[in-house]
A.B. asks: 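The following block contains the structure, expressed as structure tokens.
Computation of the quantities below employed the complete heavy-atom set of this structure, encompassing side-chain atoms and omitting hydrogens, waters and symmetry-equivalent molecules. Note that the structure is predicted; figures quoted are calculated from it, not measured.
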Amino acid sequence: MDITDRKLAEEKLLESEARYKAILDAIPDLMFRISRDGEYLDLKSEGANLTLTREEIVGKHVQELLPSDVATISLEAIAKTLDSGTLQTCEYQLPTPLGVRDYEARLVVSGQDEVLAIVRDITDRKQAEVSLQNLAQKFAKAFSCSPDSITISTIQEGRLVEVNDSFVELSGYERDEAIGKTSFELDIWVHDRDRLKLVQELQDTGVARNLEVEFRQKSGEIITAMLSAEVIDLDGIPCILAVHHDITERKQVEAQLRLSAQRDRLLAETLVRIRSSLNLDQILQTTVTEVRQFLQADRVFISLNNANLGVRTLAESVDPKYPSVSGWSTNDEAYLQEVRNLLKDNLVRVFEDITQMAVSPKVKAHCRKFQTKASLAVPIMLGDELFGALIANQCSGSRHWQPIEIDLLQQMSEQVAIAIQQSQICQKLAELNTNLEHQVEERTAQLQQKMQEVEKLHRVKDVVLHTVAHDLRTSAMGNLMVLKNLLNQGVGGAEGQRSRGAGEQGSRGEITASLSPLPPIPSAPLPLSHAPCPSASSQSPIPVSRSIIERMIQGNDRQLTMINSLLEINSCEQQGIHIKLEPVQFSTLLGEMFAQFEPMLTQNQATLKNLVPADLPLVMADTTRLQKVLANLLTHSLQNNPPGLNFLLSATVEAGMIRTQIQDNGVEMSKLECDRLFDLHVRDPQDCCSTSIGLKMYLCRKVIKAHGGEIGVISNRKRGLTFWFTLPLATSSATNRP
């Protein structure tokens with residue numbers, strides 16, 4: 001028997017079984033053969049997460065292994081599958097060691113009264129579906145509740161597919177008015193190029209961020225929005241998901257800030273010009289030019305209100321397309337009074353439409369003449385007086401004047417008022433300056449005349465001083481010569497009389513002088529041997545006490561010294577003190593000087609203790625002048641104290657100077673006397689310090705000042721005075737000088 005066909009059929013059957021077995025093995029799902037009544041006939045569990053063994057399942061009923069509700073669902077699905085012969089699915093949940101899991105069972109007929117159930121774990125899918133559903137809900141809520149306008153529209157036509165409530169509020173279109181219409185049909189885009197730019201950017205990158213665009217609302221009002229968009233796929237149609245954030249208010253605020261900054265800059269520049277310039281015409285012209293530029297107005301001008309001149313224009317800036325008011329003036333009192341009444345209360349007058357103004361026909365005719373359609377007028381006040389007005393005109397049509405524009409004109413009018421006041425003040429100052437220059441010239445001429453008179457008086461003073469000094473010196477020197485000769489003769493005569501034993505007048509210290517007519521005083525002092533002598537027969541002896549002659553000699557000495565001091569002071573005041581500085585050893589110099597003062601100290605029973613260090617550095621000094629200074633200081637103390645005065649001499653180096661101190665234990669002085677001791681002033685006649693010594697103390701200060709030092713006196717607390725003076729140390733350049 002030929003069994004080839006049968007063998008081929010068996011091989012194909014085996015191949016088919018192997019193929020189906022491979023397919024079944026590759027399927028990770030559980031597979032059960034279940035009878036109509038719910039008995040598990042067989043299962044395939046390879047690759048599935050099954051907690052029960054095959055023996056624990058096969059032969060058992062679904063009600064034994066599954067929860068009652070799941071078993072009920074399974075039996076209903078089995079019956080429906082067998083009855084209809086079609087695929088049936090059911091979903092259920094089962095508790096597992098991993099928690100509650102979701103399963104999906106697909107049932108098909110596999111034999112007589114039995115089904116094949118393919119069970120798949122769909123827990124992850126269910127969770128993803130739940131997450132997707134939640135996300136969709138969130139998106140829907142975000143879409144509907146967003147404060148920003150959100151739209152979904154097609155890329156090709158721009159047809160609106162969905163809009164949220166914020167879009168309705170922003171655009172003014174209801175939802176049913178917008179959906180299904182294109183943005184062009186609604187005329188939303190102010191500039192069509194903005195949508196073209198958006199579409200191009202989306203096609204290039206798929207996203208657009210923060211595009212600033214302008215939209216038109218249903219009412220026709222223009223708003224500015226920040227647009228961000230992305231491309232989404234909606235049922236296979238590429239659409240635009242766009243979010244519009246309204247920034248109209250922000251843009252208005254920014255514009256206001258820019259205007260405020262421009263206004264502040266304009267005010268600041270105007271203030272600087274007012275402070276830096278006195279040219280009123282230039283200030284006013286620049287002001288109207290910049291105000292017109294800021295306001296973008298057609299005309300800005302400043303008018304003057306004058307009772308005598310009427311109204312005239314001081315400065316103007318106008319668009320060339322419109323007539324100029326420069327040079328226009330009027331004396332129509334009715335018109336002027338009406339204009340003054342409009343501004344007399346210092347109020348800003350705002351006219352957005354001239355045709356709506358309640359004014360006289362004259363004013364309206366003036367507006368028509370100069371094509372004024374809207375006007376803003378601010379008065380310029382000088383105190384309580386109306387000086388004029390700063391006026392802005394719009395000639396192209398009516399205009400709504402912004403508050404910031406009104407505020408600018410008000411502040412500019414104040415600055416203009418300041419400029420005008422400043423100009424008026426400058427004019428007054430110029431007039432006063434002219435008068436002052438005339439007065440200065442007159443005063444200068446008077447002062448020159450007075451100076452000439454003073455110069456004449458100085459010349460007269462010099463002549464008188466030299467003449468009187470010459471005569472006083474001649475008289476004093478003559479008296480001294482006579483008195484000294486007489487004193488010497490008297491001493492010799494007294495000694496001769498004592499030797500002869502004749503006469504006791506000489507022994508009593510008296511000198512006999514003859515009283516005779518005095519000869520004429522010669523113009524110049526004559527030697528005693530050449531003086532004319534009266535005859536012996538006419539002489540009458542007069543006894544004169546020796547002490548009187550000595551006092552007369554002392555008086556003449558003081559007088560001569562004072563005259564010399566006066567002449568020296570006059571020379572110092574006119575020509576200065578001439579000193580010859582040379583480096584000297586200060587300690588040696590002081591020792592030599594005080595050795596010369598020894599007779600004067602002995603005569604006054606005074607002592608001097610020298611504490612000056614021997615190693616003092618060199619000083620720059622005029623030895624002769626410095627000796628006179630020391631002599632005058634010692635003389636001042638000796639003449640103002642009784643005999644027996646003690647002096648203490650010391651010197652120290654301080655800050656490049658040698659400070660010398662001469663301290664005595666005599667009487668004290670008040671602070672006022674100490675401060676004025678070296679000054680040149682008229683002394684009290686009762687002052688113990690003579691005028692001669694006062695002049696010498698003044699000369700002491702002059703000499704020390706000429707050396708580059710200082711001099712002063714300190715009254716000690718207990719007793720006595722301390723004279724001090726400073727001298728500069730000798731520099732290396734001075735000591736090396738030949």
A.B. asks: With distance as the sole test, does Tyr173 use its side chain to make a donor-acceptor pair with the main-chain N or O of Leu186 at under 3.5 Å?
C.D. replies: yes
A.B. asks: Run the side-chain contact (heavy atoms from CB on, under 4.5 Å) test against Ala225 and tell me which residues pass, sequence neighbours left out.
C.D. replies: Phe215, His244
A.B. asks: Answer yes when Glu254 and Arg250 have at least one side-chain N-carboxylate O distance shorter than 4.0 Å, and no when they do not.
C.D. replies: yes
A.B. asks: List the residues meeting salt bridge (charged side-chain N to carboxylate O under 4.0 Å, His left out) with Arg368, not counting sequence neighbours, and say none if there are none.
C.D. replies: none
A.B. asks: Quick check: closest heavy atoms across Thr154 and Arg195, and the distance to 0.1 Å?
C.D. replies: O-NH2, 3.4 Å
A.B. asks: Please find the pair of heavy atoms, one from Leu295 and one from Ala392, that lie closest to each other, and give the distance.
C.D. replies: CD1-CB, 3.9 Å
A.B. asks: If you take all heavy atoms of Pro323 and Val318, which pair is closest and at what distance?
C.D. replies: O-CG2, 3.8 Å
A.B. asks: Could you tell me which non-hydrogen atom of Ala229 sits nearest to which non-hydrogen atom of Leu202, and how far apart they are?
C.D. replies: O-CD2, 3.6 Å
A.B. asks: Would you say the side-chain atoms of Glu316 pair up with the backbone N or O of Ser326, donor to acceptor, closer than 3.5 Å?
C.D. replies: yes
A.B. asks: Among Val213, Ile155, Leu211, find the one that has a side-chain contact (heavy atoms from CB on, under 4.5 Å) with Leu198.
C.D. replies: Leu211
A.B. asks: Of the options Leu241, Ile150, Leu234, Ile179, which is the one that meets Glu162 in a side-chain contact (heavy atoms from CB on, under 4.5 Å)?
C.D. replies: Ile179
A.B. asks: Whether the side chain of Asn164 engages the backbone of Asp148 through a donor-acceptor N/O pair (distance < 3.5 Å, no angle test) should be reported.
C.D. replies: yes
A.B. asks: Closer than 3.5 angstrom, by distance alone: can the side chain of Ser228 be matched with the main-chain N or O of Val243 as a donor-acceptor pair?
C.D. replies: no
A.B. asks: I need the minimum non-hydrogen distance between Ser396 and Asp298, along with the two atoms involved.
C.D. replies: N-OD2, 2.9 Å
A.B. asks: What's the spacing between Ile425 CD1 and Ile420 CD1 if we round to 0.5 Å?
C.D. replies: 12.0 Å
A.B. asks: Between Glu405 and Arg399, is there a salt bridge with N-O shorter than 4.0 Å?
C.D. replies: yes
A.B. asks: When rounded to the nearest 0.5 angstrom, what distance separates CZ in Arg292 from CD in Glu290?
C.D. replies: 12.0 Å
A.B. asks: Can any side-chain N or O of Arg101 pair as donor or acceptor with the backbone N or O of Asp121 at less than 3.5 Å?
C.D. replies: no
A.B. asks: Between Arg209 and Glu230, does at least one N-O distance fall below 4.0 Å, as a salt bridge requires?
C.D. replies: yes
